[in-house]
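None of the values given here were measured: they were computed from a predicted structure.
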Amino acid sequence: MTDLAALVDELDRASSTWLDPRADDSATLRQLLPTAASLWPTAWDRTGPGDAVVLFPLLYTKRPQITTASFHHLIDAACEAQRGGGRVLLVSVPTSRHGPDPKAGHAVRRIAQVFAAHGLPVSASGDVSELTGAAHLVARACTMGCTRRAVDVPDLLTAAAADALGATAVVLNHGLVPGRNLHTLPLIAPLSRLHDPGNPFAEPPPEAKKPPAGSDALWSSAFTLALTGAADPSQDRQAYVAALGRRTGPLWHQLRRDQLTGHYAAPAPNEPLRIRADDHPLGSPVNVPLFGAPAISDSTRLLVAAAALAGPVTLVIDDLTPRFSYRTYPVGEARARYQRLAADHGGQARFLTDLPDLHDRIENALGTLTHGALRTAAGPRSSRRRGALTGYDAVHLAVMGVCCTTGTEPGATVAVKPANLGQLRVFTALGPPAWLLTCTGTGDIATGELHVPAHWITRTPGVHL
């Protein structure tokens with residue numbers, strides 16, 4: 001076995017474990033991994049009072065419906081609330097300019113009744129527009145102009161509902177992105193992140209990441225219902241999938257009979273492109289650390305294009321973690337794709353597996369980054385009552401730490417997606433602090449509307465974008 005193959009095997013074995021949530025925040029990731037468990041111990045469940053009212057916002061455009069994603073998320077929220085001695089309060093939140101549906105309140109009450117009839121602590125308050133004094137606020141929010149409408153409207157209305165109903169926590173249901181209002185409230189992140197759009201009991205596609213990296217819905221819901229405790233979803237899968245079908249199958253069929261299910265709950269974000277790079281001097285080099293997925297996503301292409309506008313780009317590709325995150329990983333094809341992407345923007349691509357001291361760098365990251373840093377990077381998921389952080393989270397953070405600090409000089413600029421800013425902030429322990437560049441919005445950066453930092457124009461004579 002080569003050194004690289006041995007490293008991949010070591011990290012793969014460490015990934016399919018649960019980290020002890022009781023560990024001190026000062027413990028390093030290297031100290032956490034030997035005490036990690038392949039089966040979640042019941043003693044690690046964090047039970048007891050604390051979450052009296054867990055708000056579950058159901059976003060909608062025409063009428064509230066349960067999607068396959070929100071089906072699993074609501075089951076998870078109910079279990080988490082029950083462990084905290086509380087209940088889930090379902091509220092529908094309109095997101096379109098047409099405003100609330102007059103029948104929305106009836107729909108969410110019926111959804112709550114079906115979940116409650118199947119033994120889950122779910123009740124409903126109706127539509128957010130039905131709350132005392134909220135009708136005018138909802139009408140104004142739905143019709144106002146926003147630069148980030150898909151984020152700002154749900155964020156504002158959900159936070160208003162949480163305040164009015166005295167919620168002790170808010171569930172980040174599918175489609176809800178915390179903005180400036182929700183960031184101030186306690187949040188609960190669902191465990192599942194991968195869903196079939198039509199069948200909640202479908203197996204994940206072969207090209208998807210393996211859990212716990214991908215967190216398929218069947219394993220996640222079986223885990224939150226305590227039908228399995230395994231961090232490796234292949235362990236006794238047939239038994240717990242069958243048990244999950246018996247437990248939640250009748251619930252889904254009842255929702256379908258009552259015509260309460262649908263494929264889509266909210267429109268995809270449609271925001272103008274905006275580059276944020278407050279400290280980056282236009283024309284200076286930009287490093288773009290990327291997870292080397294087999295296929296390059298639109299959001300990744302957008303980030304690279306934005307970085308290329310800011311200056312010469314270097315893509316730093318984590319081609320190590322994907323080798324144990326997917327069932328199969330086409331190393332050569334993936335490498336060629338990222339080399340072409342870099343060349344298309346006049347840049348270069350570097351790959352972690354080409355580093356001669358990669359093992360030492362990862363060991364340094366594992367021995368430097370702490371449990372507290374991992375909790376910060378993971379966000380709300382780290383405070384779950386059952387199933388918080390895994391060995392994969394620790395390994396992935398360490399590897400990305402190497403990726404983000406490789407070749408980064410003091411005062412350099414690093415381009416990341418907004419969702420990964422929390423990770424980047426904890427990497428100051430591994431290397432010099434870097435300037436940040438992010439890009440939000442959707443569309444074509446070459447032909448669409450683009451907002452750029454003002455100092456790129458006002459402080460750089462002779463340069464025009």
Side-chain angles (χ1 to χ4, degrees), residues 16 18 37-45 47 54 56 58 65-88 90 107-124 171 173-174 188-206 208 210-212 214-263 265 384-387 390:
S16 295
W18 295 107
S38 58
L39 288 174
W40 178 270
T42 306
W44 287 3
D45 280 350
T47 58
V54 174
F56 191 94
L58 192 61
Q65 293 179 312
I66 290 291
T67 64
T68 55
S70 57
F71 174 72
H72 288 285
H73 289 177
L74 187 49
I75 290 172
D76 180 58
C79 292
E80 283 287 286
Q82 197 167 41
R83 280 186 277 271
R87 62 190 173 91
V88 169
L90 190 62
V108 293
R109 290 186 184 95
R110 180 57 189 147
I111 290 171
Q113 289 171 359
V114 174
F115 273 83
H118 287 80
L120 295 169
V122 179
S123 58
V171 178
N173 183 27
H174 184 66
I188 295 177
L191 189 60
S192 62
R193 301 186 293 276
L194 180 65
H195 312 87
D196 183 275
N199 179 7
F201 303 104
E203 289 286 341
K210 299 186 301 182
S215 294
D216 76 79
L218 300 181
W219 168 74
S220 300
S221 286
F223 178 81
T224 198
L225 287 164
L227 302 176
T228 182
D232 179 0
S234 64
Q235 184 174 334
D236 299 325
R237 186 172 181 88
Q238 186 175 357
Y240 74 69
V241 167
L244 179 67
R246 292 190 297 269
R247 177 70 175 85
T248 64
L251 168 58
W252 176 253
H253 291 307
Q254 182 64 55
L255 291 168
R256 294 204 61 184
R257 281 194 297 270
D258 290 355
Q259 298 183 335
L260 296 171
T261 63
H263 276 220
R384 288 180 53 86
R385 290 179 174 271
R386 176 178 170 86
T390 65

| Hey, mind stepping through T68 and D196 against side-chain hydrogen bond (donor to acceptor under 3.5 Å, both in side chains) and telling me if it holds? | CA-CA 7 Å; T68 55; D196 183 275; 5.9 Å; no
What is the distance from atom [atom1] of [X] to atom [atom2] of [Y], rounded to the nearest 0.5 Å?
{"X": "S16", "Y": "Q235", "atom1": "OG", "atom2": "CD", "value": "10.0 Å"}
{"X": "L90", "Y": "Q113", "atom1": "CG", "atom2": "CD", "value": "11.0 Å"}
{"X": "Q82", "Y": "R386", "atom1": "CD", "atom2": "CZ", "value": "12.5 Å"}
{"X": "L218", "Y": "S192", "atom1": "CG", "atom2": "OG", "value": "10.0 Å"}
{"X": "L191", "Y": "R384", "atom1": "CG", "atom2": "CZ", "value": "4.5 Å"}

| What class does the angle between the rings of W18 and W40 fall in, given that below 30° is parallel, 30 to 60° is tilted and above 60° is perpendicular? | perpendicular
Less than 4.5 Å apart, side chain to side chain, heavy atoms only: is that true for [X] and [Y]?
{"X": "L255", "Y": "F115", "value": "yes"}
{"X": "R385", "Y": "I188", "value": "no"}
{"X": "W219", "Y": "Y240", "value": "yes"}
{"X": "T248", "Y": "F201", "value": "yes"}
{"X": "P190", "Y": "H72", "value": "no"}
{"X": "T224", "Y": "R83", "value": "yes"}
{"X": "E80", "Y": "V54", "value": "no"}
{"X": "I111", "Y": "V114", "value": "no"}

| task | Under the side chain to side chain donor-acceptor pair (under 3.5 Å) rule, collect the residues that match up with T228, sequence neighbours excluded. | result | none
| Between H195 and H73, does the ring centroid distance fall short of 6.0 Å? | yes
| query | Is a donor on one side and an acceptor on the other found under 3.5 Å between the side chain of R256 and the backbone of T261? | reply | no
| note | Residues at least two apart in sequence or cross-chain that pass salt bridge (Lys or Arg N to Asp or Glu O under 4.0 Å) with R237, listed by chain then number, are E203, D216
| Is it true that the side chains of N173 and S70 contain a donor and an acceptor less than 3.5 Å apart? | no
| query | Does R110 pair with D258 as a salt bridge, N-O distance under 4.0 Å? | reply | yes
| request: Identify the heavy atoms of G262 and Q65 that sit nearest to each other, and give their distance. | output: CA-OE1, 3.5 Å
